[in-house]
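Here is the structure we will look at.
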Amino acid sequence: MEKIIRSVKGTRDFYPQEMAVRRWLITKIQQVSASFGYQEYDGPCLETIDLYAAKSGEELVKEQAFVFPDRSGENIALRPELTPTLARMIASKQNELTFPCRWWSFGPFWRYERPQKGRTREFFQWNIDLIGSDQVAADAELIAVAAEFLRSMGVRPEQAKILINDRRLMDAQLSQIGIHTELRPAILRQIDRIDKQPAEVWDKNTLDLGLTPEQLSELKSLLASADLWQQSPELSELFSELDALGVREYAAYEPKIIRGLDYYTGTVFEARDTAGNFRAILGGGHYANLVGDVGGKPLPGVGFAMGDVVILLLLESLGLIPENNAASEAVFVSIFDENCRSTSNRVAARLRRAGYKVFTYPGTEKLTRQLKYADKVGARAALVIGPDEIERGEVVLKDLAARTQLLLPEAELEKHLAAILAERQSL
RNA sequence: GUGCCUGUAGCUCAACGGCAGAGCGCCUCACUGUGGAUGAGGAGGUUGAGGGUUCGAAACCGUCCAGGCACCCCA
């Protein structure tokens with residue numbers, strides 16, 4: 001093995017094959033976002049550490065952000081999430097924007113974490129937010145966006161579900177059990193990890209937080225209550241909205257969903273594969289005041305984020321990633337010999353101007369090699385233009401997939417090419 | 001940051017203290033003005049790195065690097 005300088009831990013190389021998949025994912029995200037009237041935006045990848053100081057979970061910034069001093073000594077962070085940037089962008093134009101804003105973004109993020117399945121140090125994330133509305137309808141809309149996205153990827157409701165809860169409901173329920181206000185945040189965090197710890201360990205840890213055995217028992221029956229949402233007017237309305245939006249089948253109530261980030265104040269949700277093979281596909285919720293820490297008038301909203309890693313793992317496991325190959329609709333023009341090169345180039349140029357994707361061979365190696373090359377890179381069609389064809393003004397058009405070929409006048413080339421490529425479209 | 005598992009040819013893996021191998025892929029040829037196939041040859045490894053134990057290490061031991069699994073946290 002030669003000494004090759006290693007890539008940075010937790011980063012991924014996107015070769016054309018992987019890049020085509022990423023491009024496909026971005027296209028789907030763009031289409032779904034636009035179909036709900038959302039506009040694309042982006043912020044810088046570099047931010048001052050101060051932006052994150054007051055917001056986010058503390059651990060997210062202190063332990064999971066890539067932070068380094070720039071040449072002037074200022075501490076710069078590679079953005080670990082987009083929400084603080086969004087808050088700043090909204091706050092600084094708060095008086096000129098028209099609310100509610102519907103914004104989405106897709107870009108790279110970095111977190112200094114231990115890489116493992118579904119988690120890398122550099123990842124791409126779709127962020128989408130509806131800002132400036134406190135209505136249940138806004139929460140429902142974002143969940144519908146998530147559901148329609150899953151649908152557009154070919155993921156069926158029995159394969160992945162959006163699990164929904166409401167922090168206000170949980171808070172009220174904890175209060176009813178008699179859990180004191182100061183204790184509730186810790187209990188909520190504990191609820192969030194109930195499926196990650198063995199039952200006895202979780203019980204013990206929960207008791208250690210200060211619950212009585214009776215409260216623990218009540219808490220556990222609370223978390224097993226699939227009908228709890230019916231006690232929440234907001235959730236009742238939410239599920240009814242989801243029904244009208246045609247995405248009810250993707251949604252499910254789940255009292256264990258809390259979400260880690262502090263700024264969620266109402267509806268919280270995350271999408272998970274029903275087989276339980278992967279971590280959360282996406283997560284989000286309702287916040288009471290996006291711009292609270294950045295200054296500006298209180299502004300509620302709802303949004304979610306989806307990383308590229310888990311969704312691609314899921315799609316891969318479900319066989320839902322299409323074959324993507326940039327060359328698959330391209331035409332290969334072979335170069336028979338030096339004397340024929342100019343004719344081949346002329347034909348190639350003409351086809352490009354007609355809108356086809358056309359590539360040639362750099363040298364004049366024998367046809368076997370050239371056609372093998374065309375086949376391996378996945379070209380859809382190939383042309384052979386030798387001395388005999390040139391003399392008669394003809395070309396040989398090969399359908400590489402069908403393994404057939406036609407000898408035809410050069411003038412009829414476009415007509416036949418269009419037929420071959422149309423045939424591919426219909427597959 | 002903590003614990004556990006793994007690292008052998010381009011890829012997937014075998015060899016488990018005694019000569020480092022297979023399948024696939026790659027290259028050449030049969031092949032002539034024609035790509036899936038078939039056949040015949042061929043190239044390719046300091047066994048992740050650098051130490052130790054041993055007559056002898058891919059294998060055993062500790063260190064580092066990387067990947068995976070769980071925790072933490074989260075997309």
Side-chain angles (χ1 to χ4, degrees), chain A residues 1-12 15 25 29 56-65 79-83 106-128 146 189 192-193 195-198 201-202 205 258-262 264 270-272 277-284 303-314 332 334-337 340 361 364-390 395-407:
Chain A
M1 187 78 68
E2 300 151 43
K3 282 178 189 165
I4 298 174
I5 295 176
R6 276 195 303 271
S7 54
V8 174
K9 179 173 181 162
T11 62
R12 293 162 292 163
Y15 289 83
L25 180 68
I29 285 169
S56 311
E58 286 173 33
E59 176 160 350
L60 188 58
V61 177
K62 284 185 186 155
E63 294 172 30
Q64 299 189 341
R79 60 180 184 186
E81 61 158 340
L82 192 59
T83 304
F106 184 90
F109 294 85
W110 296 266
R111 289 185 195 169
Y112 195 82
E113 295 184 288
R114 184 102 173 234
Q116 56 184 263
K117 190 169 203 169
R119 196 170 74 183
T120 58
R121 287 187 170 183
E122 178 179 67
F123 57 97
F124 294 84
Q125 197 179 66
W126 174 29
N127 283 266
I128 182 163
R189 264 198 303 282
D192 206 34
R193 58 178 75 122
D195 288 329
K196 302 214 167 159
Q197 299 174 349
V201 176
W202 190 83
N205 289 343
I258 295 295
R259 307 295 306 155
L261 296 176
D262 298 334
Y264 295 130
E270 65 184 42
R272 303 206 70 117
N277 292 331
F278 308 104
R279 56 187 75 234
I281 300 162
L282 59 86
F304 69 80
M306 182 190 78
D308 67 313
V309 183
V310 175
I311 184 69
L312 289 177
L313 283 173
L314 173 67
F332 174 73
S334 62
I335 309 292
F336 191 85
D337 59 27
C340 300
Y361 203 78
T364 55
E365 273 103 85
K366 54 184 172 182
L367 276 180
T368 302
R369 177 179 283 276
Q370 295 193 30
L371 290 170
K372 193 174 226 170
Y373 172 75
D375 193 48
K376 291 187 89 166
V377 300
R380 185 64 183 79
L383 297 183
V384 177
I385 310 173
D388 300 347
E389 288 82 11
I390 290 175
V395 297
V396 171
L397 169 61
K398 295 178 71 67
D399 183 330
L400 289 174
R403 308 203 158 269
T404 57
Q405 69 177 49
L406 282 172
L407 177 65

Checklist entry - Under 4.0 angstrom, heavy atoms only, what part of the nucleic acid is A:A374 near: base, sugar-phosphate, or nothing? => result nothing

Checklist outcome for this item: A:K9 NZ to B:C64 C1', in whole Å, measures 11 Å

Checklist entry - Using purine N1 to pyrimidine N3 plus N6-O4 or O6-N4 for Watson-Crick, or N1-O2 and O6-N3 for G-U wobble, both under 3.5 Å, which nucleotide pairs with B:G56? => result none

Item to check | Candidate list A:E113, A:R121, A:E81, A:R111, test side chain to side chain donor-acceptor pair (under 3.5 Å), partner A:Q64, passing option | outcome: A:E113

Checklist entry - Atom CG of A:L282 and atom C1' of B:C74: how far apart are they, to the nearest Å? => result 13 Å

Checklist entry - Given the P atoms of B:G7 and B:A58, what is the spacing between them in whole Å? => result 14 Å

Next on the checklist: Between C1' on B:A75 and CZ on A:R121, what's the gap in Å once rounded to a whole number?
Outcome noted: 16 Å

Item to check | Atom C1', compared across B:G3 and B:U46: separation rounded to whole Å | outcome: 33 Å

Checklist entry - When you match A:R189 and A:S7 each to their closest nucleotide on RNA chain B, which lands nearer the 5' end? => result A:S7

Next on the checklist: Within the 4.0 Å heavy-atom criterion, would you say A:T120 contacts the bases, only the backbone, or no part of the nucleic acid?
Outcome noted: base

Checklist entry - Is there a Watson-Crick or G-U wobble partner for B:G1 with both distances under 3.5 Å, and which nucleotide is it? => result B:C71

Checklist entry - Given that both distances must come in under 3.5 Å, which nucleotide forms a Watson-Crick or G-U wobble pair with B:A66? => result B:U6

Next on the checklist: Could you check whether any side-chain N or O of A:T364 sits under 3.5 Å from a backbone N or O of A:F336, counting only pairs where one atom can act as donor and the other as acceptor?
Outcome noted: no

Checklist entry - Expressed in whole Å, how much space separates the C1' atoms belonging to B:C19 and B:G23? => result 22 Å

Item to check | Note, A:R12 side chain near A:F124 side chain (heavy atom, < 4.5 Å) | outcome: yes

Next on the checklist: Between P on B:C74 and CZ on A:F124, what's the gap in Å once rounded to a whole number?
Outcome noted: 22 Å

Checklist entry - Heavy atoms under 4.0 Å, any strand shown: does A:F109 hit a base, just sugar-phosphate, or nothing? => result nothing

Checklist outcome for this item: By nearest-nucleotide position on RNA chain B, the 5'-leaning member of A:A402 and A:E122 is A:A402

Checklist outcome for this item: Side-chain atoms of A:V396 come closest, of B:A30, B:G35, B:U34, to B:U34

Checklist entry - Counting any heavy atom closer than 4.0 Å, what does A:E389 reach on the DNA or RNA strands: base, sugar-phosphate only, or nothing? => result base

Checklist entry - Rounded to whole angstroms, how far apart are CD on A:Q116 and P on B:A75? => result 15 Å

Item to check | Distance test, side-chain N/O of A:Q197 to OP1/OP2 of B:C71, below 4.0 Å | outcome: no

Item to check | Rounded P spacing from B:G10 to B:G44 in Å | outcome: 11 Å

Checklist entry - With sugar-phosphate meaning primed atoms plus P, OP1 and OP2, does A:Q405 contact a base, only sugar-phosphate, or nothing at under 4.0 Å between heavy atoms? => result base

Item to check | Out of B:A30, B:U2, B:C72, whichever nucleotide has its closest atom nearest the side chain of A:R114 | outcome: B:U2

Checklist outcome for this item: Whole-Å distance, A:K398 NZ to B:G36 P, equals 10 Å

Next on the checklist: Classify A:G10 by what it touches in the nucleic acid, base, sugar-phosphate, or nothing, heavy-atom distance under 4.0 Å.
Outcome noted: sugar-phosphate

Checklist entry - Does the side chain of A:M306 come within less than 4.5 Å of A:I29's, by heavy atoms? => result yes

Checklist entry - Do the side chains of A:R279 and A:R272 get nearer than 4.5 Å, heavy atoms only? => result yes

Checklist entry - Do the side-chain N or O atoms of A:K117 get closer than 4.0 angstrom to the phosphate oxygens (OP1, OP2) of B:G68? => result no

Checklist entry - Any sub-3.5 Å donor-acceptor pair from A:E365's side-chain atoms to A:Q370's backbone N or O? => result no

Checklist entry - For B:G36, which nucleotide is its Watson-Crick or G-U wobble mate, given both distances must be under 3.5 Å? => result none

Checklist entry - Would you call the rings of A:Y361 and A:F332 parallel, tilted or perpendicular if under 30° counts as parallel and over 60° as perpendicular? => result perpendicular

Next on the checklist: From CG of A:L312 over to P of B:A75, roughly how many Å is that when rounded to an integer?
Outcome noted: 17 Å

Item to check | Distance, C1' atom - from B:A9 to B:C5, rounded to whole angstrom | outcome: 24 Å

Checklist entry - Counting side-chain heavy atoms from C-beta on, which of B:C71, B:G35, B:U32 comes nearest to A:K372? => result B:G35

Item to check | Base paired to B:G21 (Watson-Crick or G-U; both N/O distances under 3.5 angstrom) | outcome: B:C13

Checklist entry - What distance, rounded to whole Å, do you find between the two C1' atoms, one in B:C29 and one in B:G18? => result 39 Å

Checklist entry - Under 4.0 angstrom, heavy atoms only, what part of the nucleic acid is A:I281 near: base, sugar-phosphate, or nothing? => result sugar-phosphate

Checklist entry - Checking all strands, does A:K196 fall into the base, sugar-phosphate, or nothing category for heavy-atom contacts under 4.0 angstrom? => result base

Item to check | Distance, P atom - from B:C72 to B:U53, rounded to whole angstrom | outcome: 42 Å

Checklist outcome for this item: Checking N1-N3 plus N6-O4 or O6-N4 for Watson-Crick, or N1-O2 and O6-N3 for wobble, each under 3.5 Å, the partner of B:C27 is B:G41

Checklist entry - A:Q125 and A:R79: side-chain donor and acceptor closer than 3.5 Å? => result no

Item to check | A:E113 side-chain proximity, nearest of B:A75, B:G35, B:U2 | outcome: B:A75

Next on the checklist: As a test of reading the structure: which of B:G35, B:C71, B:G33 is closest to the side chain of A:R119, going by heavy atoms?
Outcome noted: B:C71

Next on the checklist: Regarding A:V310, tell me which of base, sugar-phosphate or nothing describes its non-hydrogen contacts under 4.0 Å with the strands shown.
Outcome noted: nothing

Checklist entry - How many angstroms lie between CD1 in A:I311 and CG in A:L282, if you round to the nearest 0.5 Å? => result 7.5 Å

Item to check | A:R111 (side chain) and B:A75 (base): donor-acceptor pair under 3.5 Å | outcome: yes

Checklist entry - Among B:U32, B:G35, B:A75, which is the nearest nucleotide to the side chain of A:L371? => result B:G35

Item to check | Atom pair distance, as rounded to whole Å: CZ in A:F123 and P in B:C74 | outcome: 12 Å

Item to check | Pairwise C1' distance for B:G67 and B:U8, with rounding to whole Å | outcome: 15 Å

Checklist entry - Using purine N1 to pyrimidine N3 plus N6-O4 or O6-N4 for Watson-Crick, or N1-O2 and O6-N3 for G-U wobble, each under 3.5 Å, what pairs with B:G51? => result B:C61

Checklist entry - Using a cut-off of 4.0 Å on non-hydrogen atoms, how would the nucleic acid contact of A:D308 be classed: base, sugar-phosphate, or nothing? => result nothing

Next on the checklist: Please determine whether a side-chain nitrogen or oxygen atom of A:T368 lies at a distance below 4.0 Å from atom OP1 or OP2 of B:C31.
Outcome noted: no

Next on the checklist: Does any part of the side chain of A:W202, heavy atoms only, come nearer than 4.5 Å to the side chain of A:K196, both counted from C-beta?
Outcome noted: no

Checklist outcome for this item: Side-chain atoms of A:R259 come closest, of B:C74, B:G67, B:G33, to B:C74

Checklist entry - Is there a donor and acceptor pair closer than 3.5 Å between the side chain of A:R193 and the base of B:C73? => result no

